[in-house]
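Structure record follows, encoded as structure tokens.
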Protein chains: 2
Amino acid sequence: MEKNRRAPTLSDVARTANVSTATVSRCLNSPDRVVEKTRKRVMEVVELLGYTPNFAARVMAANRSFTIGAIIPTMDNAIFARGLQAFQDQLRDQGYTLLVSSSAYKPDVEEEQIRALVARGADGLLLIGHERRSEIYDYLKQHQVPTLVAWSHLPEADLPSIGFDNRSSMASLARKVIQEGHSEIAMISGVLTGNDRATRRKNGVEDALREHGLEANHINIVETPYGIEHGEAAFRELMSRATRPTAVLCGNDVLAVGALRAAQALGLRVPEDVSITGFDDIELAEIVNPALTTVHVPHREMGRKAASELIEMVEGKSEGRTICIDTYIVRRQSLAPPR
Amino acid sequence: MEKNRRAPTLSDVARTANVSTATVSRCLNSPDRVVEKTRKRVMEVVELLGYTPNFAARVMAANRSFTIGAIIPTMDNAIFARGLQAFQDQLRDQGYTLLVSSSAYKPDVEEEQIRALVARGADGLLLIGHERRSEIYDYLKQHQVPTLVAWSHLPEADLPSIGFDNRSSMASLARKVIQEGHSEIAMISGVLTGNDRATRRKNGVEDALREHGLEANHINIVETPYGIEHGEAAFRELMSRATRPTAVLCGNDVLAVGALRAAQALGLRVPEDVSITGFDDIELAEIVNPALTTVHVPHREMGRKAASELIEMVEGKSEGRTICIDTYIVRRQSLAPPR
DNA sequence: ACACGCAATGTAAGCGCTTGCATTTTGAAT
DNA sequence: ATTCAAAATGCAAGCGCTTACATTGCGTGT
């Protein structure tokens with residue numbers, strides 16, 4: 001192999017093939033605008049030289065990158081993994097590349113990443129949830145970067161979103177728990193600040209309680225970061241309080257699994273002594289013992305739809321629609337009537 | 001807010017601040033090369049206009065992007081999540097941005113992604129495992145993109161790697177299983193083609209068998225993609241064969257969890273009727289019931305070290321060292337002596 | 001008061017590509 | 001043969017930034 005010769009450029013190819021750079025460019029980008037014979041020759045040279053276009057240059061000249069950026073709160077658990085994989089697959093099918101980064105649930109990191117992705121020429125952006133400083137929306141508008149929100153459905157929000165109704169989904173689940181006979185209900189919620197999904201799930205629980213004439217205003221709740229260990233701690237905390245709940249609704253499956261483990265460690269049987277529910281229906285939910293009753297979120301469908309919609313926006317075919325995806329409750333062993 | 005005015009550029013800032021573009025550029029990139037008073041004025045204008053540098057332009061001009069690319073086989077399970085998160089955190093600390101994409105275990109997709117990332121001006125690349133076509137190594141060399149391999153340790157390989165010895169780690173685990181008294185040992189392996197980690201784990205099992213005078217040449221093995229459902233199917237397959245194993249070593253925790261579920265579905269008790277082991281020690285391993293005996297891989301440490309090493313390479317301070325990280329066996333309930 | 005040297009700033013040449021417009025080539029119709 | 005669209009190709013101007021080099025301004029020593 002040749003020792004580090006500088007990477008070939010468009011004009012290297014042009015020179016070798018005896019055509020202009022314009023022709024080479026066209027061969028690559030709109031092959032039908034150049035005659036068969038020329039194209040063949042050019043492509044041979046491209047192959048021969050091992051030429052790959054320089055993206056930065058292309059982005060700069062064409063103001064188009066065929067790249068979509070996504071910023072998720074974390075890669076460290078499975079909540080977003082499946083949906084994002086579907087999102088990426090769909091993008092690939094349509095000729096786009098996905099770049100992902102994660103914000104660790106920190107708003108300032110997220111802003112930084114948004115800027116980084118936009119500056120890198122992302123044609124469109126996928127964000128999770130609606131809650132962020134308005135400056136960043138202005139920024140997005142100024143740079144005219146189509147942006148779509150996922151994992152959340154909020155028709156009245158600034159940005160279009162493809163997601164599900166966190167509030168009513170959680171409310172249905174809570175209703176089911178109440179119908180089961182529970183009245184001492186507690187909740188382990190994710191951190192509410194800056195997280196509209198967590199907030200609306202909490203609201204959903206309150207809605208259901210209120211409907212059934214239960215005290216909804218100071219619901220027995222612990223707020224904690226997502227993470228199995230935090231779920232454990234939160235559960236212990238709840239159990240040490242004055243009135244012991246007979247059912248614990250968790251903000252997501254990860255917290256629920258933590259709660260489950262804590263319950264078992266405390267010698268409580270689930271669901272006999274206490275019922276526990278999750279949200280998301282990630283793989284984990286089915287694997288733990290007892291398996292979790294939870295809200296199933298069609299992550300793959302959401303990812304796919306988000307991809308098609310965002311591409312339409314990028315290509316100017318849509319202003320951005322807001323779509324609500326249906327969830328449903330998956331009944332498993334972790335929920336039963338109270339003793 | 002102003003309606004979509006074109007995003008401000010360097011020269012807009014320069015004009016407004018009454019300096020040259022060079023000065024603005026210096027304010028941003030080497031603030032000490034410009035006098036306090038000027039800098040202040042420029043920064044005010046930057047703020048005022050809401051200017052953000054265009055990365056494509058910067059990359060093109062400076063041939064430097066402070067971006068690192070990583071390509072992992074999948075985001076759809078937790079194997080790489082933790083290590084990657086640590087990798088990203090460390091990069092951020094040192095002023096770099098991480099861009100991730102996933103190849104779905106497909107070599108051609110991976111190549112495409114490598115090119116995409118390089119073309120986007122990645123200063124360095126993190127790849128998983130060593131097995132790929134040599135053309136792509138030439139490409140990397142030609143473009144002079146420092147590349148580091150993780151999750152695998154192979155001193156003799158072309159590329160430096162920060163990882164662990166898949167072979168000897170698996171061998172230790174297999175030895176432990178044998179010492180426990182098992183002699184009918186089967187394996188559920190990940191797909192071997194193009195996956196050096198899977199291959200070396202299999203070799204590790206063979207090593208241990210051979211050491212103990214057991215038949216190692218046609219070990220009782222099923223090869224299947226990673227995935228809980230595949231682990232289940234593989235386990236059933238193994239159990240339908242002529243000689244039933246008393247211990248099943250799985251290529252990773254995900255497969256092991258699948259095996260566990262299949263065992264339970266078949267009415268087999270683990271570990272009394274059959275022992276099952278995993279590899280990786282992801283969160284899942286501790287959560288299932290019985291918890292998995294597995295090989296603990298220090299993902300975070302690996303991610304961190306990979307980040308520092310790769311940055312050193314990018315900054316020309318290192319040629320790329322190969323580091324082996326120690327793993328250890330975590331003994332949990334899924335392993336016991338055969339009846 | 002003057003020259004000198006260094007620090008601060010400006011000038012302008014690219015980086016590798018796309019694309020509007022100008023020019024040449026082609027081939028069908030006359 | 002000749003003509004003339006239409007098709008194919010070439011020309012060259014940017015895209016927004018960095019940076020080598022040139023220029024200017026300033027404090028200092030005499």
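When reading the values below, keep in mind they use all heavy atoms of this one structure, side chains included, and skip hydrogens, waters and symmetry mates. Protein chains get the first letters and strands the later ones, always in sequence-line order, with residue 1 at the start of each.
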Open item on the list: Suppose we screen for salt bridge (Lys or Arg N to Asp or Glu O under 4.0 Å). Which residues come up paired with B:Arg115, at least two apart in sequence or across chains?
Closed with: none

Task: By side chain to side chain donor-acceptor pair (under 3.5 Å) - contacts of B:His299 (at least two apart) - done: B:Trp151

TODO: Could you state the atom-to-atom distance from CG of B:Asn63 to C1' of D:dA20 in whole Å?
DONE: 16 Å

Task: End axis versus end axis in the helix from C:dA1-D:dT30 to C:dT30-D:dA1, the angle rounded to 10°, five pairs used at each terminus - done: 40°

TODO: Just jot down the ring-ring contact (aromatic ring centres under 6.0 Å, His included) partners of A:Phe87, sequence neighbours excluded, or say none.
DONE: none

Distance-only check: which donor-acceptor pairs under 3.5 Å involve side-chain atoms of residues 29-37 of chain B, not counting sequence neighbours?
unit_1, atom_1, unit_2, atom_2, d
B:Asn29, OD1, B:Arg58, NH1, 2.8
B:Asn29, ND2, B:Ser25, O, 3.0
B:Asn29, ND2, B:Ser25, OG, 3.3

Task: Contacts of type side chain to side chain contact (heavy atoms under 4.5 Å, CB included), residue A:Glu312, not counting sequence neighbours - done: A:Lys317, A:Ser318, A:Arg321

Check nucleotides 12-19 of chain C against the protein and report each pair of N or O atoms closer than 3.5 Å, with its distance, or say if there are none.
unit_1, atom_1, unit_2, atom_2, d
C:dG16, N2, A:Ala57, O, 3.4
C:dC17, OP1, A:Tyr51, OH, 2.3
C:dC17, OP1, A:Asn54, N, 3.2
C:dC17, OP2, A:Leu10, N, 2.2
C:dT18, OP1, A:Asn29, ND2, 2.8
C:dT18, OP2, A:Ser25, OG, 2.5
C:dT18, OP2, A:Asn29, ND2, 3.4

What side-chain donor-acceptor pairs closer than 3.5 Å can you find for residues 11-24 of chain B, not counting sequence neighbours?
unit_1, atom_1, unit_2, atom_2, d
B:Ser11, OG, B:Thr9, OG1, 3.2
B:Asp12, OD1, B:Arg15, NH2, 3.2
B:Asp12, OD2, B:Arg6, NH2, 3.3
B:Asp12, OD2, B:Thr9, N, 2.8
B:Thr16, OG1, B:Asp12, O, 2.7
B:Ser20, OG, B:Ala22, N, 3.4
B:Ser20, OG, B:Thr23, N, 3.3
B:Ser20, OG, B:Thr23, OG1, 3.3

- [ ] Please name all residues satisfying side chain to side chain contact (heavy atoms under 4.5 Å, CB included) with A:Val109, sequence neighbours left out, ordered by chain then number.
- [x] A:Ser103, A:Lys106, A:Gln113, B:Arg92

TODO: For B:Val19, answer base if it contacts any base atom (sugar-phosphate contacts may also be present), sugar-phosphate if it contacts only those atoms, and nothing otherwise; contact means non-hydrogen atoms under 4.0 Å.
DONE: sugar-phosphate

Task: Test side chain to side chain contact (heavy atoms under 4.5 Å, CB included) applied to A:Glu135 - qualifying residues, sequence neighbours left out - done: A:Arg133

TODO: Round to the nearest Å and state the distance from B:Asn18 atom CG to C:dT9 atom C1'.
DONE: 13 Å

Task: Counterpart residues, side chain to side chain contact (heavy atoms under 4.5 Å, CB included), relative to A:Ala57 (two or more places apart) - done: A:Asn54, B:Met60

Open item on the list: Ignoring hydrogens and geometry beyond distance, is a side-chain donor-acceptor pair present between B:Arg120 and B:Ser65 at under 3.5 Å?
Closed with: no

Open item on the list: I need the NZ-C1' distance between B:Lys40 and C:dT9, as an integer number of Å.
Closed with: 19 Å

Are any protein N/O atoms closer than 3.5 Å to N/O atoms in nucleotides 5-8 of chain C? If there are, list each pair with its distance.
none

